J.: 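Dropping the structure in here first, questions after.
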Amino acid sequence: MYWHILGAGAIGCLWAAQLCQAGHPVSLILRNPSRLDSFDGQLTLEHDGQCRSFQLAGCLADSCGPIDRLLLTTKAYDVVEALHGVAHQLRPGAQIVLLHNGMGPQQQVPELYPAQQVWSATSTDGAWLREPFHVVWAGRGETRIGRFDAPGEAQLPDGLDGLELQLLADPAIELSLWRKLAINCAINPLTALHGCRNGELLSTPQIHRQMQQVCAEIEQLCQQRQLKLFPDGVLAAAEQVARGTAANYSSMLQDRRNGRRTEIDYITGYLLDSARQLGLALPENERLFKQFNSKKTNR
Ligand code: KPL
């Protein structure tokens with residue numbers, strides 16, 4: 001079944017290739033004419049040292065035709081604007097799947113587009129771009145997909161059959177998004193500010209102490225919100241991810257190093273907003289957030 005994908009980063013390209021491989025036609029909606037010019041209609045998926053190429057259409061929002069199924073894989077801060085850009089092409093009842101780091105748009109989009117069916121997703125697949133439109137699927141993970149606005153519903157969007165990706169219909173997607181948010185809050189700002197690999201959060205005592213404080217505050221918020229995220233607590237879960245990805249640079253550090261805007265407003269910013277609504281102060285997270293925003297180049 002036909003899919004449009006908006007956001008041709010690593011995850012967007014991974015999904016495009018997976019959908020093509022499963023026999024679903026795909027169009028990549030590209031942001032501007034120069035990006036479209038640079039796309040020769042071929043996407044390469046590299047996995048376990050083997051490359052496979054797929055032919056697919058590229059288009060701009062105005063020429064992509066009617067959309068029945070849309071996967072949005074832009075950065076969190078681009079989601080709403082990107083969606084507005086293709087809104088005129090959405091068929092009534094079209095399926096929209098949001099897949100990005102951070103939180104905010106998952107609640108906003110169903111409110112803005114009540115005529116559409118909106119799913120939110122979170123993934124632990126590891127992927128990176130060797131070059132534009134050549135994606136390396138570096139680590140198999142799982143993708144949980146559910147309706148933020150309809151908790152309890154456990155149905156995947158249609159048109160995802162045959163994918164090699166591990167997909168799980170999640171009736172409690174908000175909780176899963178909070179799990180990912182907590183991990184991102186514990187790892188991303190600290191690695192970005194200290195310019196270190198994920199593993200150095202554990203091996204550098206001063207940074208590890210900060211990580212402990214960040215996690216203790218998240219724990220406090222979760223208690224107030226009655227969110228049970230991890231059986232052994234946020235710190236243990238974040239340490240496990242930092243250990244498992246010890247040699248990696250977090251996405252926030254990479255964004256910062258490449259002079260791109262980061263997703264801090266949708267990660268730590270979302271956490272702080274959520275705490276503020278309950279009258280709760282999270283001083284260490286607040287300090288990191290301010291430190292981030294005080295450096296213009298960080299955003
Ligand atoms: O998602 C991540 C990121 O880098 O954005 C991990 C690897 C989990 C670190 O928070």
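Computed from a predicted structure; not experimentally measured. Values reported hereafter were calculated over all heavy atoms of this structure, with side chains retained and with hydrogens, waters and symmetry mates removed. Atoms within each ligand, like the ligands themselves, are counted from 1 in listed order.
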J.: Given the rule in the side chain to side chain contact (heavy atoms under 4.5 Å, CB included) test, do Gln240 and Asp232 qualify, once you have shown the distances and angles that lead to the verdict?
T.: CA-CA 11 Å; Gln240 197 183 337; Asp232 299 323; over 6 Å; no
J.: Taking the basic N atoms (NZ, or NE/NH1/NH2) and the acidic carboxylate oxygens, is any pair closer than 4.0 Å for Arg225 and Glu219?
T.: no
J.: Going by heavy atoms in the side chains, are Ser27 and Cys64 under 4.5 Å from each other?
T.: no
J.: List below, pair by pair, the N or O atoms of ligand 1 and of the protein that are less than 3.5 Å apart, including the distance to 0.1 Å; reply 'none' if no pair qualifies.
T.:
{"unit_1": "ligand 1", "atom_1": "1 (O)", "unit_2": "Lys180", "atom_2": "NZ", "d": "3.4"}
{"unit_1": "ligand 1", "atom_1": "1 (O)", "unit_2": "Asn184", "atom_2": "ND2", "d": "3.1"}
{"unit_1": "ligand 1", "atom_1": "4 (O)", "unit_2": "Ser251", "atom_2": "N", "d": "2.9"}
{"unit_1": "ligand 1", "atom_1": "5 (O)", "unit_2": "Asn101", "atom_2": "ND2", "d": "3.1"}
{"unit_1": "ligand 1", "atom_1": "5 (O)", "unit_2": "Asn188", "atom_2": "ND2", "d": "3.2"}
{"unit_1": "ligand 1", "atom_1": "5 (O)", "unit_2": "Ser251", "atom_2": "OG", "d": "2.5"}
{"unit_1": "ligand 1", "atom_1": "10 (O)", "unit_2": "Asn184", "atom_2": "ND2", "d": "2.9"}
{"unit_1": "ligand 1", "atom_1": "10 (O)", "unit_2": "Asn188", "atom_2": "OD1", "d": "2.5"}

J.: Should the pair Arg69 and Tyr2 be classed as cation-pi, given the thresholds of under 6.0 Å to the six-membered ring centre and 45° from the axis?
T.: no
J.: Among all residues two or more places apart in sequence or in another chain, which pass the side chain to side chain donor-acceptor pair (under 3.5 Å) test with Ser120?
T.: none
J.: Any salt bridge between Asp78 and Lys75, counting N to O under 4.0 Å?
T.: no
